[in-house]
Amino acid sequence: MKFISYGAAREVTGSRHMIISNGKKLLLDCGLFQGRRKEAEEKNKTFPFDPKTVDAMILSHAHIDHCGNIPTLVKNGYKNPIYCTPATKDLCFYMLRDSAFIHEKEAEYLNEKKMKKGEELIKPLYTQEDVDAALKLFQEVNLNETFEPLPGFKITLREAGHILGSAMLQMEITDEKGIAHKIVFTGDLGRRELPVLKDPFKIEDAEILITESTYGERLHEPMSTAEGKLAEIINKTVERGGKIIIPAFALERTQELVYSLNGLMSVGKISRDLAVFVDSPLAVNVTEVFRKHKECYDIETLKKFTDHNKDPFGFSMLKYISDVEDSKALNGRHGPFIIISGSGMCEFGRVLHHLRNNIDDHRNTIIVVGYMAENTLGRKIKEKRKIVNIFGKPHRLECDVEIIDAYSAHADRSDLLDFATHIKGLKKIFVVHGEEKSQMAFKGALIANGFNWVQIPQFGEEFEI
Ligand SMILES: [Zn+2]
């Protein structure tokens, strides 16, 4: 039996791993590589294996760095089922469409330039039609139900507590000698006490662990501090008549923020008269998926909302905006109010307009609640640079910038260690999905906790397991 990492190997994006046993190939995730454009484009376009030869695929969750290259896989000949939870399937419908739209727009923009220069035109990585073809292969599997996608591959999806529908994989795979091996793939491991979601499942025993390591070298602020801090920042800004801009990912972070604001208003910690706008067509669609999949809610959410027929993602002063004219109308509106808008790292999307219109007013506040990658506008704002470029023009950053780290959807170092040390009989650990520095630190921590066999796979490196 073999294990190979074909993505998220010594990096964070492009999650894609393979287990080969008895001549059968099982693919775990098929995410999009993100980062430097040229390099990512090459990695996304070409496969280090023939997609036609893959026998089955399992998808851990609907984040683009885990599902975003499925349409290319299918375009290149993959024809077998893609197993995932019902919520992941519904989320992928919107996430992959949105991704295709971005690729199509990007190709259109580049082709305009190429046309002027008389250069050969490019094709988008994939289109809406490719997404439609891929979605046909999705098959729903409920959490905690064991299924056998291939002979000798018994698999159970377990709650990962990372985003709606996210799963870790508990596998029992029989090798060429007829011996069954217990293998766990964390996917992206979540945290305890995240709003709405259930806590991550605890695995009791396994022989091999394939673990993510995004925050293998750091600890998060406790989740319990997030809402208090959010209320404090909002109240301070409201007092001076300012607007609050929160750049947020359309999937999960937006819904968590809405949930938090709903809670804060209901107990009077922030004004019940404060208007809140979620300005993102993708977030509007994704929130509908959240409303549908109540089976993913934790007990607290069910007790507080569902049992009383209340909507966790709606309250009287909240307005979801899809229409572009409604979005523009916010420009002329006087504060105080809150806008939650994407993209999360301020690289594109409607949040750019709101930042441009509000960044130079000292009364306003931008709240950073998510990961901001290097070289993004979001990172520059987080670093409180004096001047930032928006739509190619310099703007003075005069407004307040506040950072709330506690909303992270990933396990931190202590959560990751707890997860691994709880498993009995663990012999081998593969550390994936992390920047190299973070992976090295986490490997050190695992060794210090008594694990002797810890590997950080290189891209395409084969391990006999
Ligand atoms: Zn994720």
Side-chain angles (χ1 to χ4, degrees), residues 13 15 29-32 34 44 57 59-75 82-106 124-141 160 162-167 187-188 196-197 247-259 277-297 311-314 318-324 326-327 340-345 347-351 370 409:
T13 67
S15 187
D29 290 348
C30 189
L32 204 67
Q34 293 153 315
N44 287 325
M57 180 191 155
L59 172 62
S60 65
H61 66 291
H63 270 151
I64 282 299
D65 64 319
H66 291 256
C67 71
N69 215 18
I70 291 175
T72 322
L73 181 83
V74 175
K75 198 163 91 168
I82 296 164
Y83 299 94
C84 64
T85 64
T88 296
K89 185 183 166 198
D90 285 348
L91 286 171
C92 280
F93 178 86
Y94 294 112
M95 297 301 286
L96 292 178
R97 260 162 209 282
D98 186 68
S99 177
F101 179 76
I102 292 167
H103 288 297
E104 285 169 341
K105 281 279 159 216
E106 196 187 8
L125 180 65
Y126 52 81
T127 62
Q128 301 293 341
E129 288 74 38
D130 298 323
V131 169
D132 289 342
L135 288 169
K136 286 195 182 111
L137 300 179
F138 278 58
Q139 282 196 21
E140 294 179 7
V141 183
H162 169 61
I163 62 165
L164 192 89
S166 65
D188 281 358
V196 188
L197 301 179
F249 293 108
L251 167 54
E252 195 67 36
R253 192 58 36 85
T254 293
Q255 292 76 26
E256 285 173 2
L257 284 165
V258 165
Y259 184 90
F277 300 95
V278 172
D279 186 17
S280 154
L282 179 60
V284 172
N285 290 327
V286 165
T287 304
E288 275 313 308
V289 180
F290 270 69
R291 287 193 174 113
K292 180 180 165 192
H293 287 282
K294 297 184 175 62
E295 80 279 6
C296 301
Y297 297 178
D311 176 10
F313 310 107
L318 171 67
K319 193 172 173 211
Y320 286 93
I321 297 179
S322 283
D323 192 81
V324 76
D326 291 343
S327 172
I340 301 170
S341 185
S343 75
M345 295 197 253
E347 281 298 90
F348 50 87
R350 292 183 181 177
V351 75

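All values derive from a computational prediction rather than experimental measurement. Positions are given from 1, in the same order as the sequence printed here.
Note that Arg97 lies outside the cation-pi zone of Phe101, set by a 6.0 Å cut-off to the ring centre and a 45° limit from the axis.
Between Asp326 and Phe277, every side-chain heavy-atom pair lies at or beyond the 4.5 Å cut-off. Side-chain contact between Tyr320 and Phe313 is present, with at least one heavy-atom pair separated by less than 4.5 Å. Residues Val289 and Phe93 are not in side-chain contact: their nearest non-hydrogen atoms beyond the backbone lie 4.5 Å or more apart. Side-chain contact between His293 and Thr85 is absent, with no heavy-atom pair separated by less than 4.5 Å. Under the 4.5 Å side-chain criterion, counting only non-hydrogen atoms from C-beta, Asn44 is not in contact with Thr72. You'll find the side chain of Met95 reaches within 4.5 Å of the side chain of Leu282, heavy atoms only. At least one side-chain heavy atom of Leu125 sits under 4.5 Å from a side-chain heavy atom of Leu32. Leu59 has its side chain within reach of Asp29: a pair of non-hydrogen atoms, C-beta onward, lies under 4.5 Å apart.
Side chain of Tyr94 to backbone of Ala283: no donor-acceptor contact under 3.5 angstrom is found. Using modelled atom types, one side-chain atom of Ser341 and one backbone atom of Val351 make a donor-acceptor pair closer than 3.5 Å. Listed for the His162 side chain is a donor-acceptor partner under 3.5 Å among the backbone atoms of Ala409. In terms of modelled atom types and a separation under 3.5 Å, the side chain of Tyr126 and the main chain of Gly68 share a donor-acceptor contact.
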Checklist entry - Going through the checks in order, is the side-chain contact (heavy atoms from CB on, under 4.5 Å) test met by Phe290 and Asp90? => result CA-CA 10 Å; Phe290 270 69; Asp90 285 348; over 6 Å; no
Item to check | Stepwise side-chain contact (heavy atoms from CB on, under 4.5 Å) check, Leu318 with Val278 | outcome: CA-CA 8 Å; Leu318 171 67; Val278 172; 3.8 Å; yes
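Between Leu135 atom CG and Asp132 atom CG the span is 6.5 Å, to the nearest 0.5 Å. Of the inter-residue distances, the one linking Leu91 atom CG with Glu288 atom CD reads 12.0 Å to the nearest 0.5 angstrom. The distance from atom CD of Gln255 to atom OG1 of Thr287, rounded to the nearest 0.5 Å, is 4.0 Å. Glu347 CD to Gln34 CD: the interatomic distance, rounded to the nearest 0.5 Å, is 11.0 Å. In this structure, the separation between CD1 on Ile82 and SG on Cys67 is 10.0 Å, given to the nearest 0.5 Å. For the atom pair NE2 of His66 and OG1 of Thr13, the computed distance is 9.0 Å after rounding to the nearest 0.5 Å.
Taking each heavy atom of Ile340 and Ala248 in turn, the nearest pair found is CG2-CB, 3.8 Å. Heavy atoms only, all atoms of each residue included: Leu164 and Glu252 are closest at N-OE1, 2.8 Å. Shown here for Arg253 and Gly370, the closest heavy-atom pair between the two residues is NH1-CA, 3.5 Å. Closest non-hydrogen pair, Ala167 versus Ala160, comes out as C-CB, 3.7 Å. Leu96 and Val131 get closest at one heavy-atom pair: O-CG2, 3.5 Å. Considering all non-hydrogen atoms of both residues, Thr88 and Ser60 come closest at OG1-O, 4.3 Å.
Here the rule is side-chain contact (heavy atoms from CB on, under 4.5 Å) with Asn69, and of Ser15, Cys30, Ser99 only Cys30 fits it.
Not counting sequence neighbours, Glu104 has no partner by the side chain to side chain donor-acceptor pair (under 3.5 Å) test. Remark: Asp98 engages no residue in a side chain to side chain donor-acceptor pair (under 3.5 Å) (not counting sequence neighbours).
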